[in-house]
Amino acid sequence: MKVLKFGGTSVGSAGRIKDVAALVRERGCNIVVLSAMSGTTNTLVEISGYLYRKNINSAKDTINHLEERYRNVLAELYEDEAILHEATERLNERFSLMRSLAHDGFDERDEKTMLAQGELMSTAMMELYMREQGVKCVWLPALDFMRTDSNGEADIDHITEVLCPMLEANADADLFVTQGFICRNAAGDIDNLQRGGSDLTASLIGAAIHAEEIEIWTDIDGMHNNDPRYVERTTPVAELHFDEAAELAYFGAKILHPTCVMPAKFNNIPIRVLNTMEPDARGTLIYNTVHSRSIKAVAAKDGVMAIKIKSSRMLMASGFIHRVFEIFDNYKRPIDMIATSEVGISVTIDNPLKLEHIIDELKEIGTVTVDYDMVIICVVGDLEWHNRGFEAKAIDALRHIPVRMISYGGSNYNISFLVKAEDKVGALNALTDALFPEEA
Ligand code: ASP
Ligand code: MG
């Protein structure tokens with residue numbers, strides 16, 4: 001059995017839902033994970049924003065607009081009157097719930113419930129469309145099996161324990177459909193796996209049931225070797241190691257959610273990134289094999305700040321680095337890149353929250369300078385240190401660009417450069433020209 005995940009744009013209209021249904025039917029009995037229809041989660045966030053501001057009327061107005069959109073989709077999706085009626089009733093329940101949350105005391109728990117409605121609706125619509133097509137499609141309630149523990153980490157044991165019997169109890173099903181993104185937390189309240197979390201849902205289900213493969217269906221033909229928004233000639237990467245894919249997802253490639261690689265990796269379940277618009281294209285296979293001596297891809301992570309701390313004591317006095325890390329840790333700010341020298345350390349973070357406090361504390365132990373508007377350019381591939389010449393090639397490509405930091409040797413798969421935001425496009429293009437000349 002495989003897990004097939006479709007993102008919001010893949011189910012963004014009645015026509016796209018029908019296309020996905022046809023594609024899924026051809027592939028046999030699998031578990032289909034759906035996101036909310038495109039734009040829905042953003043709208044639910046917007047509604048929640050109004051409710052936090054106690055602007056009940058604007059919240060209700062936005063709910064009405066959303067409902068209208070869904071009604072139009074239903075009318076286009078179903079031909080069978082009885083099924084259309086049932087779909088309308090099911091959606092009515094969702095919209096009544098949203099309206100019941102539109103009150104003055106709207107809090108975080110209400111918001112989580114609000115945000116969960118998109119996936120509950122898209123999967124209900126798919127289940128009923130399948131039924132209309134004569135397919136026995138079983139709707140699996142993610143809120144019953146997808147759970148996080150007290151650290152906010154997915155509870156794989158619980159997922160396995162609850163989900164596997166659900167599958168066994170429906171051995172005659174043609175297909176299963178379930179909601180991405182939504183879950184319950186350790187307290188049993190409705191929660192979610194963060195924005196874009198449907199990829200993680202697919203990976204967790206894949207790990208829990210030991211799926212043959214996890215397929216992430218999106219609207220691009222795999223992970224590309226550079227960012228197609230800034231570089232003209234990019235090509236899909238046919239194969240990536242789990243760790244290469246994790247680095248790429250974390251450092252900018254928007255196709256896969258960064259957290260989704262780990263559950264698949266630990267259980268050695270291949271992930272395939274495929275294109276709903278071009279189902280026969282090869283896409284990208286992410287698995288447990290490294291292609292030696294090849295550079296696979298380049299990605300950029302925006303909105304980075306670099307902080308340099310020069311030690312005010314002599315050289316790298318012991319305890320200095322510990323103190324620096326402790327300060328970031330106390331403010332729960334993870335560090336991305338690090339470069340050290342005998343007299344100081346530079347680190348990057350990607351979130352300015354509490355930055356002034358961090359800087360104030362760092363100033364107690366050294367001289368601090370901050371560079372804003374920076375970008376991490378990450379080159380991914382077989383960068384094992386015995387391989388000669390790969391770092392040189394990447395560095396040489398950037399010879400015309402001022403580089404603020406370089407990080408190499410933290411893993412066998414990555415070399416990262418920190419440059420100014422204004423140099424990002426130039427750096428990405430220079431790297432494509434140097435590293436993938438046959439495609440350029
Ligand atoms: N619907 C959620 C979002 O828009 C989850 C997802 O699509 O992966 O973030
Ligand atoms: Mg996504």
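Every number for a ligand or one of its atoms is a count from 1 in the order of the listing.
Any N or O atom pair closer than 3.5 Å counts here, and Asp199 shares no such pair with ligand 1. For ligand 1, the polar-atom distance check against Gly196 finds a nitrogen or oxygen pair separated by under 3.5 Å. Polar contact check, Thr41 against ligand 1: a nitrogen or oxygen pair lies under 3.5 Å apart.
Taking every non-hydrogen atom of Gly197 and a distance limit under 4.0 Å, the qualifying atoms of ligand 1 come out as 5 (C), 8 (O). When each atom of ligand 1 is checked for a heavy atom of Ser35 under 4.0 Å away, the hits are 6 (C), 7 (O), 8 (O). Using a 4.0 Å cut-off to heavy atoms of Arg195, the atoms of ligand 1 that qualify are 3 (C), 4 (O), 9 (O). Shown in contact with Ser198 at under 4.0 Å from a heavy atom are these atoms of ligand 1, numbered in order with element: 5 (C), 6 (C), 7 (O), 8 (O).
Only the side chain of Glu119 comes within 4.0 Å of ligand 1, counting heavy atoms alone; its backbone N, CA, C and O stay farther away.
Dense packing is recorded around CZ of Arg69, with more than 12 heavy atoms of other residues, nucleotides or ligands lying under 6.0 Å away. Counting non-hydrogen atoms of other residues, nucleotides and ligands closer than 6.0 Å to NE2 of His357 gives a total above 12.
Contact check for Phe417 versus Ile401: no side-chain heavy atoms found under the 4.5 Å cut-off.
Note on Asp104 versus Lys54: no salt bridge recorded, every NZ/NE/NH1/NH2 to OD/OE distance being 4.0 Å or above.
By the side chain to side chain donor-acceptor pair (under 3.5 Å) test, Ser411 pairs with Glu247, sequence neighbours left out. In this structure Asp371 satisfies the side chain to side chain donor-acceptor pair (under 3.5 Å) test together with Arg404, sequence neighbours excluded.
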